[in-house]
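Comments concern the structure below.
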Amino acid sequence: MKPGKNMSLKSNRCSSNRCWSLAVTWSLGLIGCVLLGSGCTHVNPWERDALADPVMRTDRDPAGTLLSEHMWFSREAASGGRGVGGGGCGCN
Amino acid sequence: MNTSSYPMRALFWSVMCAVLVSLVRPALAASLKEGDPFPKLEDFGLEGSLPDLAGKVVLVDFFASWCEPCRDSFPVMEELQKKYAAKGLIVVAINVDQNIADMKDFLKQHPASFLVLRDAGKRLVARVKIPTMPSSFLLDRSGKVHSVHRGFRGDETRQKYVTEIESLLK
């Protein structure tokens, strides 16, 4: 593909409006993907009141947890992966 | 030089700068550490009557009703206040609950004779950027942070409080 009229392979510099608008579009798209694609967010320690609610605990039903783990292992050969993130106030 | 692309170039670099600032800014806002001056309580719109802390050794503790270790820490802070108040210790507990009703319920179950303030706007706690809940800062008589206590671990933390407070009150 030949370089466009206002693009130079030698200098690698964008000089056309179209080139810069593409750069802006790609940058915004990349930022959007990073922000939306990440499922993680940082919750400050003083904002964890909702996470401290007992219903947010992942281990509030030991029997249910055991059954779920057995099911996941049996059906998907999946195990572990618990204890990452999740609920709780994160105190101490 | 093609000047027609200038607005787009300017927009591109503005976006890049905004991204850079948003990434760097959280890292720059570091939490308070030993030796730093503690922020003045008057600057943060705290609810409650502000004490005169000049020349006092101060234990500032951030707590919330949903924080289990905070419940264990209150009797210890009450004991410290009663034992060392005459020598110049002031205990200040700062609540960060969303609802004031939760704070009041907590205080009914864990009464305290020391000063309790409320940081409803969460401005002080965000400025100090506590590392965990609960966190407490022991300030020397000049208002500087002598030590930062992350969490409350019963007798271990109590012993540290006593040792440090006694060294500062000499």
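Below, chain A is the first sequence line, B the second, and so on; all start at residue 1.
Environment of CD in B:Glu79: crowded, with over 12 heavy atoms of neighbouring residues, nucleotides or ligands closer than 6.0 Å. No more than 12 heavy atoms of other residues, nucleotides or ligands sit less than 6.0 Å from atom CZ of B:Arg127. Shown here is B:Lys122, whose NZ atom has more than 12 heavy atoms of other residues, nucleotides or ligands within 6.0 Å.
Transitive grouping of hydrophobic side chains (ILVMFWY, heavy atoms separated by less than 4.5 Å) brings B:Val128 and B:Leu53 into a common cluster. Linking Ile, Leu, Val, Met, Phe, Trp and Tyr whenever their side-chain heavy atoms come within less than 4.5 Å puts B:Leu138 and B:Val76 in one cluster.
Atom SG of A:Cys91 and atom CZ of B:Arg71 lie 9.0 Å apart (nearest 0.5 Å). If you take CD on B:Gln98 and CD on A:Glu47, they are separated by 8.5 Å, rounding to the nearest 0.5 Å.
Using a 4.5 Å cut-off on side-chain heavy atoms (C-beta onward), A:Trp46 and B:Ser135 make no contact. Residues B:Pro134 and A:Asn92 are in side-chain contact: their nearest non-hydrogen atoms beyond the backbone lie under 4.5 Å apart.
At a 4.5 Å heavy-atom cutoff, A:Asn44 makes no contact with chain B through either its backbone or its side chain.
Among residues at least two apart or in separate chains, ring pair (Phe, Tyr, Trp, His ring centres under 6.0 Å) pairs with a member in residues 114-136 of chain B are B:Phe74-B:Phe114.
Checked by atom type and distance alone, the side chain of A:Arg48 never pairs as donor or acceptor with a backbone atom of B:Trp66 at under 3.5 Å.
For the pair A:Pro45 and B:Pro131, the tightest heavy-atom approach, listed with the atom from each and the gap, is CG-O, 3.5 Å.
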